[in-house]
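Read the structure below first, then the notes.
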Amino acid sequence: MNEDTRPQKYVLRPEAEAAQPRRFLIDYQAELNPSQYEAAITHKGPMLVLAGAGSGKTRTLVFRVARMVEEGIDPTSILLLTFTRRAAEEMLERAGALLGAQCDRVTGGTFHSFANTVLRRYASLLGFANSFTILDRGDSEDVLNLLRARLGLDKKERRFPKKQTIMEIVSLAANKMCSVAEVLDDQFPHLFSELEELMRIDQYYRQYKHERSLLDYDDLLTKLRDLLRSHTEVADRLSHTFRYIMVDEYQDTNRLQADIIRALAHAHDNVMAVGDDAQSIYSFRGATVRNILEFPTLFPGAKIVKLEENYRSTQPILDLSNQIIVGAKDQYTKNLFTRRDKGVKPILVEAESERYQSRFVAQKILELREQGVPLTEMAVLFRSSFHSFDLELELAKRNLPFVKRGGFKFIETTHVKDVLAHLRIIANPQDAVSWHRVILLLEGIGPKGAEKILAHVVAGENQARRLAEYPGKGVIGDELRRLAALLAEVNTPEMKPAEQIEAVVKYYQPILKRNHRDDFPKRQKDLEHFIVITERYNSLEKLLADMALEPPNSSVGDVLATEREEEGLLTLSTIHSAKGLEWHSVFVIWATEGRFPSLYNKDDEEIEEERRLMYVAVTRAKEKLFISYPINVFDKATGMVLSKPSRFLDGLSRKIIEPVFLMEDDDSRDNAWRSSRYENGGSSSRSGSGRSSGGWQPNRKRF
DNA sequence: GTCACTGATCACATT
DNA sequence: GATCAGTGAC
């Protein structure tokens with residue numbers, strides 16, 4: 001009381017703090033919901049973000065990067081690991097749009113591309129040349145095939161597994177960090193009798209790669225892990241460089257990748273893993289949902305944040321999604337909800353045959369386009385790449401332009417791989433696999449001849465000269481000198497990669513004509529397209545690494561489609577390749593039991609993964625979802641007739657999904673989908689009214 | 001040894 | 001459809 005007379009106290013803060021209460025350019029709290037906000041502003045320590053489908057995961061990551069940069073964290077100390085390079089680029093672009101160019105300095109990419117970057121610097125510590133060559137899947141298989149023959153396992157009295165199978169086994173062992181025996185025990189019990197030979201091949205394969213500085217996809221990860229383990233000074237340096245690590249799609253990482261993260265983060269533990277256990281779909285690559293479940297064990301004290309509000313889909317689509325996943329043994333329970341409670345029910349279409357399905361999809365797409373939905377906002381998704389073949393014909397017939405994602409890439413075709421092999425021996429003259437491929441292309445030289453020449457060529461330094469000096473007579477001699485001349489011409493540092501490729505393509509043309517007489521013009525076109533793709537590269541090494549790690553996403557046959565891009569393209573995609581994407585309208589085709597899930601997947605875990613795959617498919621849709629299943633499908637492999645909808649959809653209430661049945665339009669009055677009321681009862685006309693040549697249209701009918 | 005042709009076999013997803 | 005093993009002509 002008696003203090004009245006005293007002047008009031010006013011406390012001055014220390015000068016540092018007095019500087020403006022922190023102001024950010026971005027109002028994070030307004031842009032994000034509370035969970036997203038929490039994830040975005042927490043930077044220290046381990047954190048697991050469980051992000052349901054469409055819950056704004058990418059947005060959260062983007063704002064988190066922006067926030068870190070705004071707080072003054074050096075962008076070069078941030079590492080963003082994603083599933084595809086495209087995903088990383090997109091996120092950093094968006095962060096850049098918020099904040100400006102400094103976000104470009106964040107390191108982003110896939111585990112494999114990150115491993116590649118690190119190993120290009122440190123491979124010599126592990127006894128590899130820093131100019132190592134990356135083997136893609138096909139290359140690796142070729143090596144295995146070679147070793148298989150060398151070990152005399154290709155004789156017909158024993159049915160030894162073929163290269164693809166060997167590759168799968170060897171690769172799974174690497175990714176799951178277990179022995180060949182364990183892989184066999186787990187997934188190939190019928191091959192147990194071959195264990196000894198398989199182990200020998202595995203052994204030789206490692207040795208072969210090591211001697212020639214070849215790394216396959218798995219080696220990129222394995223060697224990075226080894227490097228981090230055996231060279232603590234390198235591990236320290238990397239850990240201090242990358243002080244903030246973010247891993248996207250964590251549900252699709254494997255143990256090896258988890259180990260790498262653990263080691264990279266040892267100096268700080270600042271790791272944010274984002275994922276959704278309900279969307280784990282890569283177990284064939286050794287990914288395990290256990291990774292995400294056990295993250296808190298690997299990083300004790302991890303904070304767990306759940307993103308449960310869905311911003312993508314309407315409530316009816318979400319209802320179906322939830323129904324599909326409810327049967328799963330999902331250990332992190334999430335409760336997806338949306339405020340978008342309007343919307344139409346998903347539609348389940350029974351098609352009498354694949355043709356009907358294709359016609360339905362094409363017609364419906366045209367109709368939606370009429371209604372103003374652009375083609376870029378529509379997608380057709382399927383389990384396996386070949387499921388879309390018939391539809392592709394139908395779309396072409398109706399002049400509907402599309403891109404296809406997933407499946408066989410044109411970079412994997414023989415002719416493109418042939419051309420690439422020439423460039424590889426320039427980048428890495430030790431690369432015997434490519435030498436072999438290149439020499440085998442020459443006229444008059446078969447497997448035996450190639451082996452002999454190869455042995456001579458790689459026996460010493462300056463391989464190109466040794467090739468020219470090889471004592472070959474007649475046609476063979478001419479061929480060898482022609483090849484040597486090409487290599488000499490192209491092996492100059494001044495040439496840009498695209499120019500080198502152009503020279504190789506010119507040289508290769510007669511070979512192409514000889515080997516592919518029937519479709520050689522088509523293949524020639526591919527090669528010209530390939531030159532265009534590579535024009536932006538300045539370094540051959542970078543080009544080769546990119547072609548192996550992040551090949552152009554286009555499939556065979558897309559080359560022509562790109563010319564019409566302005567008007568927008570429809571997307572056809574495998575479900576695997578559709579991960580993380582979304583469209584206004586989505587068609588899921590071939591949802592027939594036996595195809596999806598496939599007859600090949602029988603055990604519980606495989607079925608669970610198929611279920612998650614279906615979940616991923618349906619959660620891509622924002623407004624409209626059409627699922628179709630052809631019936632009366634004869635499966636050659638088993639002799640069974642497939643005639644039921646996928647078990648994930650069968651028996652669902654009509655409150656959840658609207659069944660529709662297709663039939664020809666007899667009176668062919670107009671071209672619109674007739675939205676007539678259901679006819680009652682009657683299974684009599686179930687087989688439609690035959691293939692009348694008149695206008696056809698889908699119709700609705702009660703089952 | 002190489003090449004062209006035949007018929008059997010087997011097809012999922014991807015860095 | 002692509003690949004692969006097997007065959008016979010050069």
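Every chain is numbered from 1 and lettered A, B, ... according to where its sequence line falls, protein lines coming before strand lines. Small disclaimer: the values here were computed from a predicted structure and weren't measured.
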A:E582 backbone acceptor or donor facing A:R620 side chain under 3.5 Å: no

Taking a pair to mean Watson-Crick or G-U wobble geometry with both distances below 3.5 Å, B:dC12 pairs with none

Walking DNA chain B from its 5' end, the first of A:E606 and A:R514 to be reached, judged by nearest nucleotide, is A:R514

d(CG, A:N254; C1', B:dT14) in whole Å: 13 Å

To the nearest Å, give me how far apart CD (A:E479) and C1' (B:dC3) are. 14 Å

Cation-pi check, A:R481 onto A:Y470 ring (under 6.0 Å, within 45° of axis): no

Contact class for A:L613 (heavy atom, under 4.0 Å): base, sugar-phosphate, or nothing? nothing

Per atom distances to the A:H112 side chain, the nearest of B:dT15, B:dT14, B:dC3 is B:dT15

Find the distance A:F382:CZ to B:dA13:P and express it as a whole number of Å. 10 Å

Atom CZ of A:F389 to atom P of B:dC12: distance rounded to whole Å? 12 Å

Salt-bridged, A:D418 to A:R523, with N to O below 4.0 Å? no

Stacking check: are the rings of A:F386 and B:dA11 less than 5.5 Å apart at their centres and under 30 degrees in tilt? no

Whole-Å distance, A:M547 CE to B:dT14 P, equals 18 Å

Would you classify A:K163 as touching base, sugar-phosphate or nothing, given that sugar-phosphate means primed atoms plus P, OP1 and OP2, and contacts are heavy atoms under 4.0 Å? sugar-phosphate

Would you mind reading off the distance between A:N515 atom CG and C:dT3 atom P, rounded to a whole angstrom? 13 Å

Would you mind reading off the distance between A:L441 atom CG and B:dT2 atom P, rounded to a whole angstrom? 14 Å

A:Y282 atom OH is separated from B:dT15 atom C1', nearest whole Å, by 9 Å

Taking all heavy atoms of A:R255 and all of A:N291, pick out the closest pair and write down the distance. N-ND2, 3.9 Å

Using a cut-off of 4.0 Å on non-hydrogen atoms, how would the nucleic acid contact of A:F111 be classed: base, sugar-phosphate, or nothing? nothing

Test the A:K223-A:F128 pair against the cation-pi criterion, namely NZ or CZ under 6.0 angstrom from the six-membered ring centroid and within 45° of the ring axis. no

N/O (side chain, A:T574) to phosphate O (OP1/OP2, B:dC12) under 4.0 Å: no

When you measure from the side-chain N and O atoms of A:K452 to the phosphate of B:dG1, is any distance below 4.0 Å, counting only OP1 and OP2? no

Within less than 4.0 Å of OP1 or OP2 of B:dT14, is there a side-chain N or O belonging to A:S577? yes

